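Data first, discussion second: the structure below is written as structure tokens.
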Amino acid sequence: MCDLESERSRVNKIITRISEAEGTGWSEARRMLHKYVCEGKCDWYRTKSRKAGFDRMDLTEKQRELIENLVKQIMGDVEIEEAKWRIHNVLCPGHPRPRPKTSKR
């Protein structure tokens, strides 16, 4: 399995676990994960995200903790910021967030 396939597999596992824990569909769980990892540096986020229903701030603290714990469990071989970067690259490959400076490549 290549790195991208492995990363996709991990991301899909996180999404599935969020879906099960929150009792929501896969698409909504994916959206929750994306909200958690997205840094929102693009112009779209600042100008149109709320209209599109993508407000990162609408995740509850409990949801953030759940997602962070799942990310740490499933992506445990890397620091949390590196994990978020990798997840975002799978979820939103056309709009990558900056790679963390502390990451070990």
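For clarity, every value in this text was computed on a predicted model and none was experimentally measured.
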What I'd like to find out is whether the side chain of [X] reaches to under 4.5 Å of the side chain of [Y], using heavy atoms alone.
X     : Y     : value
Trp26 : Ile18 : no
Leu33 : Val71 : yes
Gln63 : Tyr36 : no
Glu28 : Ser19 : no
Asn89 : Glu7  : no
Ile14 : Met75 : yes

(Q) Using the salt bridge (Lys or Arg N to Asp or Glu O under 4.0 Å) criterion, which residues pair with Glu68? Sequence neighbours excluded. (A)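 Salt bridge (Lys or Arg N to Asp or Glu O under 4.0 Å) list for Glu68, sorted by chain: Lys72.
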Separation of [Y] [atom2] from [X] [atom1] (nearest 0.5 Å):
X     : Y     : atom1 : atom2 : result
Arg86 : Ser6  : CZ    : OG    : 8.5 Å
Leu59 : Arg31 : CG    : CZ    : 10.5 Å
Ile15 : Ser27 : CD1   : OG    : 9.0 Å

Q) Hey, mind stepping through Gln73 and Leu70 against side chain to side chain contact (heavy atoms under 4.5 Å, CB included) and telling me if it holds? A) CA-CA 5 Å; Gln73 288 172 19; Leu70 290 171; 4.0 Å; yes
Q.
Tell me which pairs pass salt bridge (charged side-chain N to carboxylate O under 4.0 Å, His left out) where either residue lies in residues 10-24, with sequence neighbours left out.
A.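 Applying salt bridge (charged side-chain N to carboxylate O under 4.0 Å, His left out) to every pair that reaches into residues 10-24, excluding sequence neighbours, yields Arg10-Asp77.
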**Q.** Ala29 versus Thr24, closest heavy-atom pair with distance
**A.**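 Heavy-atom minimum between the residues: N-CG2, 4.0 Å.
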Q | Smallest separation among heavy atoms of Pro100 and Glu81, with atom names | A |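 Closest heavy-atom pair between Pro100 and Glu81: CG-O, 3.3 Å.
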Q | Stepwise side chain to side chain contact (heavy atoms under 4.5 Å, CB included) test for Trp85 and Val37 | A | CA-CA 7 Å; Trp85 179 81; Val37 301; over 6 Å; no
Q. Taking NZ, NE, NH1 and NH2 as the nitrogens, is one of them in Glu65 or Lys62 under 4.0 Å from a carboxylate oxygen of the other?
A.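 Looking at Lys62 together with Glu65, the answer is no, because their closest N to O distance does not fall below 4.0 Å.
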Q) Looking only at atom types and distance, does a side-chain atom of Arg30 sit under 3.5 Å from a main-chain N or O of Leu91, one as donor and one as acceptor? A)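 Looks like yes, one N/O pair under 3.5 Å.
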